[in-house]
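Numbers restart at 1 for each chain; the letters A, B, ... are given by sequence-line order, proteins then strands.
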Amino acid sequence: MQENLVIVESPAKAKTIEKFLGKGYVVKSSFGHIRDLSKKELGIDIQNDFTPHYEISPDKKKTVAELEKLAKEAGTVWLASDEDREGEAIAWHLSQVLGLKDDKTKRIVFHEITKNAILHAIENPRTIDLNLVNAQQARRILDRLVGFELSPVLWKKIKPSLSAGRVQSVAVRLIVEREREIMDFKAAAYYRVLADFTVTDADGKKSAFRAELSKRYATEQEALALLEKCKTAVFTVRNVERKPSKKSPAAPFTTSTLQQEAGRKLGMSVSQTMSVAQRLYEAGYITYMRTDSVNLSGQAIAAAKAEIVKLFGEKYSEVRNYKTKTKGAQEAHEAIRPSYMDKTVIDAAPAEKRLYDLIWKRTIASQMAAAQTERTVVDIEISNAEERFVATGETVLFDGFLKLYSESTEDEAQEGEEALLPPLKQGDRPEAKSVTALQRFTQSPPRYSEASLVKRLEELGIGRPSTYAPTISTIITRGYVVKENREGGKRGYVQLKLEKGEIVRKELSEHVGKEKNKLSPTDIGMLVTDYLDQQFTDVMDYNFTAMVEKEFDEIAEGDKSWVDMIRKFYEKFHSTVDRALESQPVRSSQPHLLGTDPKSGKPVYVKIGRFGPVAQIGDADDAEKPRFASLRKGQLIASITLEEALDLFTLPRTVGEFEEKEVVIGIGRFGPYVRHDGKFVSLGKTDDPYTIELDRAVSLIRDKREKDAKAKEPIRTYPEDDGLQVLNGRYGPYIAWQGKNYRIPKGYVPAELTLEQCREIIAKSKK
DNA sequence: CAGTGAGCGAGCTTCCGCTTGACTT
């Protein structure tokens, strides 16, 4: 029997704390919430002051039973869940479920997992803050009411199994609105003029630099006129301005900023980042990864300072305390940082290593001195024109934190950016080697990436660190949003180049619009968003969460009753639900008429059909049945053209025969394919399904046959033991032995496995 | 898994926030 039982939320945390507390304390974890509203029913007695009906979550029964037993035996139970709304509620649910008596129960909190912080907490216990608990109950009940009343409206009015909620519906709305901005965007052309100068210094040494014209032109004529003037112009440096500037490091990582940087720098998805971070946390390498705080413990700041002084010297250190600006942040934890600052590299799998390195650098950099730079702006006069050329350069006087880390941005780098400038002074006469006018285009706003969506949600105070990743997967699995790559396409542009007294005009082309893993709405996502926005304006408001959060804060302060708040909200909300239920269904979205099919003269529609968006030629009541073709990935009802719709009907098409069987080209769920003899082969990246011919299709079929034959061959066999093989399976390479299969642990190269290693793996996995 | 494009109408779907788990051929 233990004197003291301490309950925290996370098992990894429990392990660490147990070490700090030592004898007389047993530390267990609740694995988060142990109770919730019923999964199937509403679980709220609306008639009776919205009394919630809580149930112990099925997967928590075992945990609760164990805690119950330990709590009975313990002298004192210490409820040490996080110090925020959810944590307080967890403590309260525990006290209720475990039947804890007030005189043997203590509530403690700490923001950092250090020995001092924990001992300090033990010395300063308090009681459960029921106001904070009530704020959580209000949050929970509001979310349940919204989700469980809105979703059924969608089932009745649009389509079964859809969902809506305070967070997910707004996330989809952001993506839908961005898509509409992109659809409405008209790229405008303009002309940038760049000059490549050379300047000769006193020793006769020549150096080159680039400058841009202070003005941009709307038309080619204007740009050409300037180039004409440049033919005879004299260029004079009129002014050189040097301005010192300072760059400060970014704050340590929160969940959201970690997701953004891991996305940009390591190409990881939000959920990948979280699962790698989870492993780092469980291995004790980093602090907790679901946090909205940028705060570092005093101990961590001191350790970072020591590390910086050791690695770079005293002048690179600058102690900084960061404050959270995020709306609705609850700051129950520290920022995400290495557990030990002097651990510069870890021994782990590649993804873990890379993410750890990112966290280490960001944390250390946050405690480093600012970078000192000097920006130079050189103004160059054109003798026969009003306009000026401007060259800008930046030199780093002191690198400071940039020695280690600089934050990435999502925008692509601008061409002709800050470079080193040769020393220039007023009155210098640089010579223009060439002057180039380039046609450029204004850019539409970018589609959201997972991480930039998280950033936007965080700015709006919507969602929490623990829900960013699940929210994205919800809106994708519901079919509201897709994560896609876009190939983009060619765009022509004009270049006018003045060189050696002659202007040459060229029409060039560039590849634009290539996108990777960007989020865009589906037709159903747009339809549901429009419907919700129209019927439930309040809940869809970007400020809705911020407004209810304000009320939750008042409840937490004890200035408001949660029942009153919920009642007031529900009265209004429920009447909008009733009104929506009475209105007309939008089940089959209105067919959208695109035009007429030139071949048959029949109308061409697009609409959301039984199996998703579909194009239709002809009317249902025609004598001849209408023809249908599904829209392809990336095509939207709102933006598809008549031509694109008609193209859909040219597939599948038969290109000929091979081995006396038809060869058919089509586009399926997994992209363009060749079908032959009941088998499917994907087309290559460069193959166009609309123009591909029989020869190419047949060679694809032959390649596939060869590849399949190879894939079936074992990766390795062993002459000493012909019952043992390394094979290639659906989930990667594996070991097959005596009719059983064994996973190959990380760190082995399958093709190089020795017989001994295989036997070791088999022996180990038997345990 | 590579198509489908309706009127027999069962029973089901769904929220947000805490936490980690189990593992195929």
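Atom-to-atom, CZ of A:Arg653 to P of B:dG3 comes out at 16 Å; the value is rounded to the nearest Å. A straight line from NE2 of A:His676 to P of B:dA2 spans 19 Å, rounded to a whole angstrom. A straight line from CD1 of A:Ile665 to P of B:dG3 spans 13 Å, rounded to a whole angstrom. Nucleotide B:dG5 holds its P atom 17 Å from the CG atom of A:Leu648, rounded to whole Å.
Side-chain N/O atoms of A:Ser630 and base N/O atoms of B:dG3 include no donor-acceptor pair closer than 3.5 Å.
The one candidate from A:Arg464, A:Arg139, A:Arg140 that meets the side chain to side chain donor-acceptor pair (under 3.5 Å) condition with A:Glu86 is A:Arg139.
With rounding to the nearest 0.5 angstrom, the CD atom of A:Gln259 is 9.0 Å from the CD atom of A:Glu458.
Salt-bridge formation is not detected for the pair A:Glu41/A:Arg144: no Lys NZ or Arg NE/NH1/NH2 atom is positioned less than 4.0 Å from an Asp or Glu carboxylate oxygen.
Between A:Tyr531 and A:Phe536, the two ring planes are perpendicular [angle over 60°; tilted spans 30° to 60°]. Using cut-offs of 30° and 60° for the angle between ring planes, the A:Tyr54 and A:His93 rings count as perpendicular. Using a 30° and 60° split on the angle between ring planes, A:Tyr570 and A:His574 fall in the parallel class, below 30°.
A cation-pi arrangement is present between A:Arg173 and A:Tyr542 under the rule of less than 6.0 angstrom and at most 45 degrees off the ring axis.
Scanning all heavy atoms of the two residues, the minimum distance from A:Ile701 to A:His676 falls at CD1-CB, 3.6 Å.
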- [ ] Treat primed atoms plus P, OP1 and OP2 as sugar-phosphate and everything else as base, then score nucleotides 12-22 of chain B 5' to 3': B for base contact with protein heavy atoms under 4.0 Å, S for sugar-phosphate contact only, - for none.
- [x] -BBBBBBBS--
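If you check every strand for non-hydrogen atoms under 4.0 Å, A:Gly612 touches a base. Contacts of A:Gly609 with the nucleic acid, taken as non-hydrogen atoms under 4.0 Å apart, include base atoms.
Note on A:Tyr673: a side-chain N or O is less than 4.0 Å away from OP1 or OP2 of B:dG3.
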Task: Dot-bracket line, read 5' to 3' along DNA chain B, where crossing pairs take [ ] and | marks a partner on another strand, Watson-Crick or G-U under 3.5 Å - done: .........................
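Residues in residues 672-684 of chain A take part in these salt bridge (Lys or Arg N to Asp or Glu O under 4.0 Å) pairs, two or more places apart or across chains: A:Lys661-A:Asp677.
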